[in-house]
Amino acid sequence: MFNEGKIVIIGASNVGTAVLNKIVDFGLASEVVLIDINEKKCMGESLDTSHATACISSHNIYIHEGDYEDCKDASMIIITAGPSIKPGETPDRLILTKTNCKIMDSVMSQIVRYTKDAIILVVTNPLDVATYYVSANFDYPREKIIGTGTLLETFRLRRILADYYHLDPKLVHGYVLGEHGNSGFVAWSTVDIASLGLGNMDEFFNRDYKLNKGMIEQKIMQVVYDVINLKGCTNTGIAMVACRFIKAIKYNEYTILPMSSILTGEYGIHDVALSLPCMLNNTGIIKKFTPKLTDEEVGKMIASAKSVKFAMKAIEKKTEAVA
Ligand code: NAD
C-alpha cells in the first residue's frame with residue numbers, strides 16, 4: 001500500500017529543489033522527501049522550503065530529508081541525482097553517460113529494496129541512457145519507469161513558435177521526438193497551431209518570408225546550452241515538465257505526452273529508450289503511439305537510436321533488456 005500524496009525526490013540540487021518548489025507551489029503532494037548524498041544540502045533545502053508552507057496561500061505539505069526507506073510507501077520517485085553539463089563543457093548530454101549510469105546504479109539498487117509500486121520519473125541526463133539503464137538492469141515494472149524525454153524540447157518548440165507568431169504557446173501542438181539531446185528532432189508533420197494549419201500561419205500573419213523550420217529546430221536544440229552558459233544550469237523548465245508528469249499521474253489523466261521509454265519495435269527500433277507520444281495514467285505508461293511520420297522523420301528517429309546506442313557502449317554493466 002502506498003501513500004498517494006507522498007513523493008520522493010532523489011538529488012537535491014538545482015533540478016531536485018526546483019521540482020520540490022514547484023510541487024509545493026502547485027500543491028501536488030502532501031509529503032515530499034528529499035534524498036541526496038550531500039546530507040547537509042538536503043537538510044538545508046528541505047528546511048528552507050518547509051518554511052514557505054506556512055504562508056496562507058500554501059498547502060500544508062510535510063517536507064523533510066529522508067532515506068531510501070521512504071520509498072516504501074511513496075507513490076512517485078523523481079530521480080534528479082547526478083551532475084549536469086557545466087558551462088563551457090562539450091555541449092552534448094551524452095558525455096555524462098559513464099558518471100551518471102554509476103549513480104543510477106546506486107540509486108536504483110536502493111529503490112528496489114523498498115518498492116516496485118511507485119512510478120519512477122527519470123530526469124537525470126543523459127536522459128534516454130539513464131531511462132534505459134534503470135529500466136533494463138533492475139527488476140522493476142517497465143510501465144512504471146518514465147523518462148521526461150523530449151517534453152522539455154516540446155515546451156521549447158511551443159515557446160519559440162509562439163514568440164515567432166506572437167501568440168499563446170498553448171495553441172502550439174506537436175512533438176519533438178527521439179533523443180532528449182542533440183539528435184532529437186521536431187516532428188514537423190505533427191505540428192499545428194490552433195487547428196489552423198502550420199502551413200497557413202505565414203499567410204494569416206502577413207509574413208513576407210516562409211517559416212524557417214531549420215532555424216527554429218536549431219534554436220530549440222541550442223537554447224539549453226545557452227541557458228547553461230548564461231545561468232550555470234537549467235532547472236525551471238524541467239521542474240515544470242516534472243510537474244506536468246506528476247499532475248497527469250496524480251489525477252489519472254490518461255493524457256498523451258512525449259516521454260522516454262524502451263522501444264520495442266516502433267519504427268523498427270529495439271533496445272534503446274527514446275521519446276514517443278505515450279498515454280499516461282496513475283499506473284504509468286498504458287499505451288505508446290507511433291505517429292505517421294514522414295520518411296525523413298523516421299530516418300531521424302533511427303539516427304537518434306544509433307546515437308544513444310553508441311553512447312551506451314561506454315557503460316560497463318549489461319544493457320540488454322531483461323523483461
Ligand atoms: P547538480 O550537479 O547540481 O546536482 C546533482 C545532485 O545529485 C547533487 O546534489 C549530488 O550530491 C547528487 N548526487 C550525486 N550522486 C548521488 C547519489 N548517488 N545519490 C543521491 N544523490 C546524488 O545537477 P543539477 O543541475 O541538479 O541536475 C541534475 C540532473 O538533471 C543532471 O543530470 C542534469 O543534466 C539533469 N537535467 C535533466 C533535464 C531533463 O530535461 N531531463 C533538464 C535539466 C537537467
Side-chain angles (χ1 to χ4, degrees), residues 8-22 33-46 65-68 70-71 77-87 89-111 120-134 145-157 176 178-182 184 220-221 223-246 257-261 273-275 308 311:
V8 172
I9 301 174
I10 302 167
S13 188
N14 303 309
V15 174
T17 57
V19 174
L20 166 68
N21 286 311
K22 279 222 190 298
V33 185
L34 275 187
I35 299 175
D36 198 298
I37 47 169
N38 185 343
E39 288 176 17
K40 241 175 97 182
K41 165 103 171 132
C42 207
M43 192 175 291
E45 293 290 358
S46 40
E65 73 283 2
D67 53 39
Y68 283 97
D70 278 293
C71 294
I77 299 169
I78 323 285
I79 304 180
T80 76
S84 182
I85 303 265
K86 305 266 182 310
E89 276 184 352
T90 306
D92 188 348
R93 298 166 183 85
L94 292 172
I95 63 167
L96 301 165
T97 294
K98 253 189 151 167
T99 312
N100 282 351
C101 281
K102 271 198 192 129
I103 293 174
M104 291 308 100
D105 221 9
S106 76
V107 167
M108 246 346 246
S109 318
Q110 287 294 329
I111 291 174
I120 297 179
L121 188 64
V122 181
V123 180
T124 299
N125 277 317
L127 190 279
D128 303 287
V129 173
T131 303
Y132 185 89
Y133 194 87
V134 303
I145 299 177
I146 298 162
T148 54
T150 53
L151 184 57
L152 185 50
E153 285 95 333
T154 300
F155 280 5
R156 289 175 179 145
L157 166 72
V176 177
E179 181 199 355
H180 168 66
N182 297 353
I220 293 166
M221 298 310 170
V223 75
V224 55
Y225 304 115
D226 295 342
V227 175
I228 289 172
N229 288 328
L230 286 164
K231 66 172 257 190
C233 71
T234 64
N235 58 352
T236 308
I238 182 59
M240 188 60 96
V241 164
C243 285
R244 181 68 193 91
F245 281 106
I246 294 167
L257 297 167
M259 63 193 79
S260 183
S261 65
L274 291 175
S275 280
V308 176

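Every number for a ligand or one of its atoms is a count from 1 in the order of the listing.
Among all heavy-atom pairs drawn from Asn125 and Asn100, the shortest one is O-ND2, 2.7 Å. Asp128 and Ser260 make their closest contact through OD1-OG, 2.7 Å (heavy atoms, listed as atom of the first residue, atom of the second, distance). Taking every heavy atom of both residues into account, Leu96 and Ile85 meet most closely at CD1-N, 3.9 Å.
Contacts between Ser106 and ligand 1, counted as non-hydrogen atom pairs separated by less than 4.0 Å, involve the side chain only.
The shortest N or O to N or O distance between His180 and ligand 1 is below 3.5 Å. In terms of polar-atom proximity, defined here as any N/O pair under 3.5 Å, Thr124 makes no such contact with ligand 1. Polar contact check, Thr234 against ligand 1: no nitrogen or oxygen pair lies under 3.5 Å apart. The distance criterion of under 3.5 Å between nitrogen or oxygen atoms is not met by Ile35 with respect to ligand 1. Residue-to-ligand polar distances place Gly82 within reach of ligand 1: an N/O pair is separated by less than 3.5 Å. The shortest N/O to N/O separation between Thr80 and ligand 1 does not fall below 3.5 Å.
Here the side chain of Thr80 pairs no donor or acceptor atom with the backbone of Thr124 at under 3.5 angstrom. Between the side chain of Glu89 and the backbone N or O of Lys86 there is at least one donor-acceptor pair closer than 3.5 Å. Distance alone, capped at 3.5 Å, is enough to place a donor-acceptor pair between the Asn21 side chain and the Thr17 backbone. Panel note: side chain Asp36, backbone Ala12; a donor-acceptor pair is recorded below 3.5 Å.
For atom 34 (O) of ligand 1, the closest heavy atom belonging to the protein is Asn125 ND2, 2.9 Å. Residue, atom and distance of the protein heavy atom nearest to atom 37 (C) of ligand 1 are Val123 O, 2.9 Å. In terms of protein heavy-atom proximity, atom 32 (O) of ligand 1 is closest to Pro83 O, 2.9 Å. With hydrogens left out, the protein atom closest to atom 1 (P) of ligand 1 is Ser13 OG, 3.6 Å, a heavy atom. Protein heavy atom at the shortest distance from atom 25 (O) of ligand 1 is Asn14 ND2, 3.0 Å. Counting only heavy atoms of the protein, atom 11 (O) of ligand 1 lies nearest to Asp36 OD1, 2.5 Å. Looking at atom 44 (C) of ligand 1, its nearest protein heavy atom turns out to be Val15 CG2, 3.6 Å.
One option in Thr148, Ile37, Asn100, Ile9 has a heavy atom closer to atom 14 (C) of ligand 1 than any other, and that option is Ile37. Across Asp105, Ile103, Leu121, heavy-atom proximity to atom 15 (N) of ligand 1 is greatest for Ile103.
Ile120 places a side-chain heavy atom less than 4.5 Å from the side chain of Met108.
Exactly one of Thr90, Thr234, Asn182 qualifies for a side-chain hydrogen bond (donor to acceptor under 3.5 Å, both in side chains) with Tyr225. That residue is Asn182.
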(Q) Run His180 and Leu151 through side-chain contact (heavy atoms from CB on, under 4.5 Å) and show every step you take. (A) CA-CA 9 Å; His180 168 66; Leu151 184 57; over 6 Å; no

